[in-house]
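Note that the structure is predicted; figures quoted are calculated from it, not measured. Whatever order the structure lists them in is the order used to number ligands and atoms, beginning at 1.
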Amino acid sequence: MSHLFQPYTFSPEGKTPRLQLDNRLIVAPMCQYSAEHGLASDWHLSHWTNLLNSGASMLIIEATGVTPEGRITPGCLGLWDSKSEDALGHALARARKLAPDNVKVCIQLAHAGRKGSSAAPWQGGQLIGPDQGGWRPIGPSAIPQIPGEDTPREMNLQDLQNVREAFANAAKRALRIGVDAIELHAAHGYLLHEFLSPIANQRSDAYGGSLENRMRFPLEVFEAVRQVTPGVLGVRVSASDWVDNGLTPEEVAVFAQQLKRHDCDYIHVSSGGVSSNQAIPNEPLYQVAFAKLIKNESKLPTIAVGLITEPAQAESILANGDADMIALARAFLFNPRWGWHAAAELGGTVQGNERYWRCLPSSARGIFGGISIGKR
Ligand SMILES: Cc1cc2nc3c(=O)[nH]c(=O)nc-3n(C[C@H](O)[C@H](O)[C@H](O)COP(=O)(O)O)c2cc1C
């Protein structure tokens with residue numbers, strides 16, 4: 001029996017199980033830069049509907065700003081007031097109506113920190129000013145992401161309080177619109193990663209310096225969200241900055257241990273994003289060793305991600321015990337039915353809309369084992 005198509009239950013020690021996934025395949029969060037003033041659009045409806053019909057058991061919605069200046073670009077999704085809550089809730093409810101019953105939805109809550117106020121990738125990704133719809137970003141220290149760029153404003157204690165509250169409020173809104181799980185974005189050089197990394201955090205107060213101090217703010221944010229989130233709450237990390245004197249996998253493993261003590265449900269292991277000098281080896285499975293290390297050190301349920309493109313690769317990561325779940329991003333854009341192909345290759349089953357069953361000869365339709373009909 002395929003490992004990838006085994007169910008997974010988030011079941012913290014000593015507590016009642018929080019969520020069951022039909023399989024271990026997850027759609028990684030992907031910004032779409034398609035919101036206006038943070039509001040979800042028809043593009044989100046289409047994108048989510050497509051990916052909810054991918055064979056993955058859970059879709060993680062893109063980095064969603066907990067404040068307007070916490071967005072990466074002016075086109076990024078937001079969840080900071082009743083208008084953005086309504087727009088997101090409406091698009092999500094419509095997408096879910098067009099998807100199999102059991103597919104779960106997680107949302108990645110995020111603050112972009114010093115990487116906020118950027119142009120979309122296809123417009124160059126550079127920092128933009130107020131004349132182009134941008135704003136002055138904030139960060140742990142007044143150090144720009146790229147030398148020569150405008151410096152972010154160093155956050156004061158009131159800013160820290162505001163951001164903690166913004167994360168907790170966004171989590172309440174997310175739960176109100178019916179998401180099944182929440183992921184905090186502490187990766188890719190955005191605010192929570194910036195606090196963890198000595199590259200972006202050179203504070204001299206209780207929030208900078210030692211690893212204990214650098215972990216303090218991300219752990220406070222986690223705690224603030226945990227207090228309002230009874231269900232699954234995970235964290236995405238960058239396990240390495242890929243530069244000298246940057247954040248190391250061993251430090252991130254310590255952070256993961258701390259998260260486990262704070263009742264974290266999973267850790268999602270990515271890397272990079274904080275330094276323009278990063279040297280990332282773009283090769284298959286390049287982040288799996290980080291997932292393995294962090295899983296072993298923290299015993300947290302672990303998602304591996306990053307250039308996993310073949311079903312056999314996903315299967316062997318799980319069979320080796322290097323991670324508990326597998327997330328894919330770009331492969332799902334290229335082939336939104338990646339999960340169906342994987343089920344056919346590995347002998348698994350997926351829920352699939354009956355209108356599409358004829359994509360396979362009747363002899364091969366056994367992959368649609370978990371079909372549910374009735375609500376459409
Ligand atoms: C279009 C696009 C948007 C992305 N947006 C996000 C995001 O919102 N949050 C995040 O943590 N990572 C984001 N990522 C990174 C992916 O989640 C993933 O970690 C990365 O692409 C590596 O996985 P892959 O090799 O399967 O694509 C994005 C990647 C792509 C291609």
Side-chain angles (χ1 to χ4, degrees), residues 4 24-35 38 40 43-44 46-48 50-51 54-56 58-66 70-73 75-79 88 105-113 115-116 118-123 125 170 174 181-194 196 218 234-240 242 252 266-274 278 280-288 290-291 302-311 313-314 317 323 325-336 338-339 341-342:
L4 189 61
R24 282 131 189 274
L25 177 62
I26 293 172
V27 183
M30 283 182 274
C31 287
Q32 296 298 294
Y33 318 98
S34 299
W43 178 262
H44 292 100
S46 158
H47 176 67
W48 296 336
N50 203 15
L51 295 176
S54 65
M58 185 160 80
L59 161 70
I60 307 178
I61 292 177
E62 69 192 76
T64 302
V66 298
R71 290 171 297 170
I72 305 167
T73 74
C76 282
L77 195 60
L79 189 52
L88 218 160
V105 174
C106 176
I107 189 167
Q108 188 184 56
L109 298 181
H111 193 297
K115 288 171 87 171
S118 296
W122 55 81
Q123 290 163 340
I182 291 176
E183 175 172 292
L184 302 185
H185 199 349
H188 302 168
Y190 300 112
L191 187 68
L192 301 184
H193 178 193
E194 288 164 18
L196 289 169
V235 176
R236 196 174 222 211
V237 288
S238 275
S240 171
W242 296 109
V252 178
Y266 73 83
I267 190 110
H268 188 170
V269 183
S270 187
S271 70
V274 92
Q278 64 187 12
I280 299 187
N282 267 321
E283 57 196 32
L285 316 187
Y286 72 106
Q287 294 173 153
V288 174
F290 296 146
T302 299
I303 305 177
V305 68
L307 282 178
I308 302 165
T309 53
E310 302 302 325
Q313 294 170 334
I317 293 165
M325 288 154 278
I326 304 290
L328 277 62
R330 289 165 290 184
F332 275 118
L333 296 184
F334 191 61
N335 177 2
W338 194 94
H341 288 262

What residue and atom, counting heavy atoms only, is the protein's closest point to [atom], and at what distance?
{"atom": "atom 26 (O) of ligand 1", "answer": "Ala329 N, 2.9 Å"}
{"atom": "atom 30 (C) of ligand 1", "answer": "Met30 CG, 3.9 Å"}
{"atom": "atom 31 (C) of ligand 1", "answer": "Arg330 CG, 3.5 Å"}
{"atom": "atom 7 (C) of ligand 1", "answer": "Pro29 O, 3.5 Å"}
{"atom": "atom 11 (O) of ligand 1", "answer": "Arg236 NH1, 2.7 Å"}

Taking [X] for its side chain and [Y] for its backbone only, find out whether a donor-acceptor pair lies under 3.5 Å.
{"X": "Ser54", "Y": "Ala56", "result": "yes"}
{"X": "His111", "Y": "Gly113", "result": "yes"}
{"X": "Lys115", "Y": "Leu191", "result": "no"}
{"X": "Gln123", "Y": "Ala119", "result": "no"}

Side chains of [X] and [Y]: does their closest heavy-atom pair fall under 4.5 Å?
{"X": "Pro29", "Y": "Ile61", "answer": "no"}
{"X": "Ser270", "Y": "Gln287", "answer": "yes"}
{"X": "Leu88", "Y": "Ile107", "answer": "yes"}

Purely on distance, is any nitrogen or oxygen of [X] under 3.5 Å from one on ligand 1?
{"X": "Gln108", "answer": "yes"}
{"X": "Gln32", "answer": "no"}
{"X": "Leu328", "answer": "no"}
{"X": "Cys31", "answer": "yes"}

* Asked: Between Trp242 and Phe290, does the ring centroid distance fall short of 6.0 Å?
  -> yes
* To do: Work out whether the distance between some heavy atom of Gly306 and some atom of ligand 1 is less than 4.0 Å.
  =>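 A heavy atom of Gly306 does come that close to ligand 1.
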* Go through ligand 1 atom by atom and flag the ones less than 4.0 Å from a non-hydrogen atom of Ala28. => 17 (O)
* Which ligand 1 atoms are under 4.0 Å away from a heavy-atom of Val305? ->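 Those qualifying, in numeric order: 19 (O), 23 (O).
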